**Student:** 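Submitted below is the structure of interest, expressed as C-alpha cells.
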Amino acid sequence: MAKLNLEALRKLREENKQALEIRDTENKTIQIIIGMGTSGIAAGAKQTLKAFTDLLRERNLTQVSLRQAGSIGLDHAEPVVEVRMPGMPDIIYGKVDPKVAEQIIEQHIIGKELLNEHVFDRPARDIVQD
C-alpha cells in the first residue's frame, strides 16, 4: 500500500466529507434509498450506490439525500432503489445499474417523470394524491 502525502489525505477527507453530507437527511426534500441487503450487494448495489453518489456530487443536487437500507423485499429485482419526493408518489425501481441511476437522476429527480420500464412498485391509484 502506497503512503499518502498530506495533500492526498486532505483530498480523501474532503471526498469522504461530501459523501457523508449526501447521506444527511436534514433540510432535504428528496430521498433516494438503495437496498443494500446481501442479494442487493450481490446484484451490484455497491456500484449503484457509487453511481448515485458521483451523480449527485457532479450535478450539485443538494436537496437530495442518499440512504442505504437492508433488503426492501424485491430480491428478484435487485438492485432496488426507492425514490421519495414531494409532488410524486413513492416509487420503487428495480434492476438499477449505474446507467439507470443516471436516468433516474435526469428523468425522475430533475424532469419529474417516471421511468416506467424500471418501476417495480408504486402506491395503489386510490392513495396517490394528484
Side-chain angles (χ1 to χ4, degrees):
M1 181 176 197
K3 289 184 178 181
L4 297 175
N5 62 25
L6 185 57
E7 189 59 36
L9 285 171
R10 286 181 177 150
K11 182 180 177 187
L12 183 61
R13 180 178 68 183
E14 188 60 33
E15 288 173 359
N16 288 332
K17 184 178 171 186
Q18 288 176 350
L20 288 175
E21 287 173 0
I22 288 172
R23 295 180 185 193
D24 186 13
T25 59
E26 192 170 322
N27 299 323
K28 296 182 179 178
T29 57
I30 302 170
Q31 292 183 33
I32 298 173
I33 304 163
I34 301 175
M36 297 292 287
T38 306
S39 60
I41 292 170
K46 284 186 177 180
Q47 291 82 6
T48 301
L49 176 66
K50 182 175 182 341
F52 274 113
T53 302
D54 293 344
L55 291 164
L56 293 174
R57 201 179 294 152
E58 287 171 14
R59 289 168 174 76
N60 196 27
L61 295 172
T62 58
Q63 77 280 20
V64 181
S65 69
L66 184 61
R67 297 176 37 209
Q68 297 179 36
S71 175
I72 295 177
L74 297 167
D75 292 353
H76 65 286
E78 295 285 0
V80 176
V81 172
E82 182 175 358
V83 178
R84 298 178 183 172
M85 62 185 291
M88 295 187 73
D90 296 345
I91 297 293
I92 296 177
Y93 290 108
K95 309 234 181 258
V96 181
D97 60 16
K99 184 173 178 153
V100 176
E102 186 170 0
Q103 290 175 318
I104 290 172
I105 294 291
E106 293 295 330
Q107 192 171 328
H108 188 118
I109 303 295
I110 296 173
K112 299 187 180 184
E113 293 180 23
L114 300 179
L115 279 76
N116 290 324
E117 63 273 10
H118 288 278
V119 172
F120 270 74
D121 198 10
R122 68 175 108 190
R125 197 137 199 52
D126 60 336
I127 62 171
V128 174
Q129 298 174 357
D130 293 324

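What you see is a predicted model; the values in this text were computed from it and never measured.
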**Student:** Indicate yes or no for a side-chain donor-acceptor contact from Tyr93 to the backbone of Leu115 under 3.5 Å, with no hydrogens or angles considered.
**Tutor:**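 Looks like yes, one N/O pair under 3.5 Å.
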**Student:** In Å and rounded to the nearest 0.5 Å, what is the CD to CD distance from Glu106 to Glu113?
**Tutor:**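 Glu106 atom CD to Glu113 atom CD measures 12.0 Å (nearest 0.5 Å).
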**Student:** Treat each ILVMFWY residue as a node, draw an edge where side-chain heavy atoms are under 4.5 Å apart, and state whether Ile33 and Ile30 are in one component.
**Tutor:**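 Per the 4.5 Å side-chain linkage, Ile33 and Ile30 are not co-clustered.
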**Student:** Using 0.5 Å steps for rounding, measure from the CG atom of Leu49 to the CD atom of Gln47.
**Tutor:** 9.5 Å
**Student:** Set out, in order, the CA-CA distance, both residues' side-chain angles and the distance that settles side chain to side chain contact (heavy atoms under 4.5 Å, CB included) for Asp97 and Val100, then state yes or no.
**Tutor:** CA-CA 5 Å; Asp97 60 16; Val100 176; 3.2 Å; yes
**Student:** What heavy-atom pair brings Gly35 and Ala45 nearest, and what distance separates the two atoms?
**Tutor:**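 For Gly35 and Ala45, the tightest heavy-atom pair comes out as O-CB, 3.5 Å.
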**Student:** Once rounded to the nearest 0.5 Å, what's the spacing between atom CG of Leu66 and atom NZ of Lys50?
**Tutor:**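 It comes to 12.5 Å.
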**Student:** Kindly indicate, with the supporting measurements, whether the criterion side chain to side chain contact (heavy atoms under 4.5 Å, CB included) is fulfilled by Val96 and Phe52.
**Tutor:** CA-CA 10 Å; Val96 181; Phe52 274 113; 4.1 Å; yes
**Student:** Taking NZ, NE, NH1 and NH2 as the nitrogens, is one of them in Glu82 or Arg84 under 4.0 Å from a carboxylate oxygen of the other?
**Tutor:**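 The answer is yes: the pair qualifies as a salt bridge.
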**Student:** Which is it for Ile92 and Val119 under the side chain to side chain contact (heavy atoms under 4.5 Å, CB included) test, yes or no, and what are the steps along the way?
**Tutor:** CA-CA 6 Å; Ile92 296 177; Val119 172; over 6 Å; no
**Student:** What heavy-atom pair brings Met85 and His108 nearest, and what distance separates the two atoms?
**Tutor:**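 Minimum heavy-atom contact is SD-CD2, 3.3 Å.
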**Student:** Do Gln107 and Lys112 make a side-chain contact, defined as non-hydrogen atoms from C-beta onward lying under 4.5 Å apart?
**Tutor:** no
**Student:** Working to the nearest 0.5 Å, report the span between NZ of Lys11 and CG of Asn5.
**Tutor:**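 CG of Asn5 is found 10.5 Å from NZ of Lys11.
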**Student:** What I'd like to find out is whether the side chain of Met36 reaches to under 4.5 Å of the side chain of Ile41, using heavy atoms alone.
**Tutor:** yes
**Student:** Stepwise, does the side chain to side chain contact (heavy atoms under 4.5 Å, CB included) test hold for Leu55 with Glu58?
**Tutor:** CA-CA 5 Å; Leu55 291 164; Glu58 287 171 14; 4.1 Å; yes
**Student:** Does Arg10 have any side chain to side chain donor-acceptor pair (under 3.5 Å) partners at least two apart in sequence or in another chain, and if so, which?
**Tutor:**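 Applying side chain to side chain donor-acceptor pair (under 3.5 Å) to Arg10 gives none.
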**Student:** Do Glu102 and Arg59 meet the salt-bridge criterion of a basic N to acidic O distance under 4.0 Å?
**Tutor:** yes
**Student:** First locate atom CD of Glu14, then atom CG of Asn16, and finally report the distance between them rounded to the nearest 0.5 Å.
**Tutor:**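 If we round to the nearest 0.5 Å, Glu14:CD and Asn16:CG are 9.5 Å apart.
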**Student:** Could you tell me which non-hydrogen atom of Ile105 sits nearest to which non-hydrogen atom of Ile32, and how far apart they are?
**Tutor:** CD1-CD1, 4.1 Å
**Student:** Report the distance from atom CG of Leu61 to atom NZ of Lys28, rounding to the nearest 0.5 Å.
**Tutor:**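 Spacing of CG (Leu61) from NZ (Lys28) equals 10.5 Å.
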**Student:** What side-chain donor-acceptor pairs closer than 3.5 Å can you find for residues 73-81, not counting sequence neighbours?
**Tutor:**
unit_1 : atom_1 : unit_2 : atom_2 : d
Asp75  : OD1    : Ser39  : OG     : 3.1
Asp75  : OD1    : Ser71  : OG     : 3.3
Glu78  : OE1    : Val80  : N      : 3.1

**Student:** Can you tell me which residue among Thr62, Ile109, Val64 is in a side chain to side chain contact (heavy atoms under 4.5 Å, CB included) with Leu56?
**Tutor:** Val64
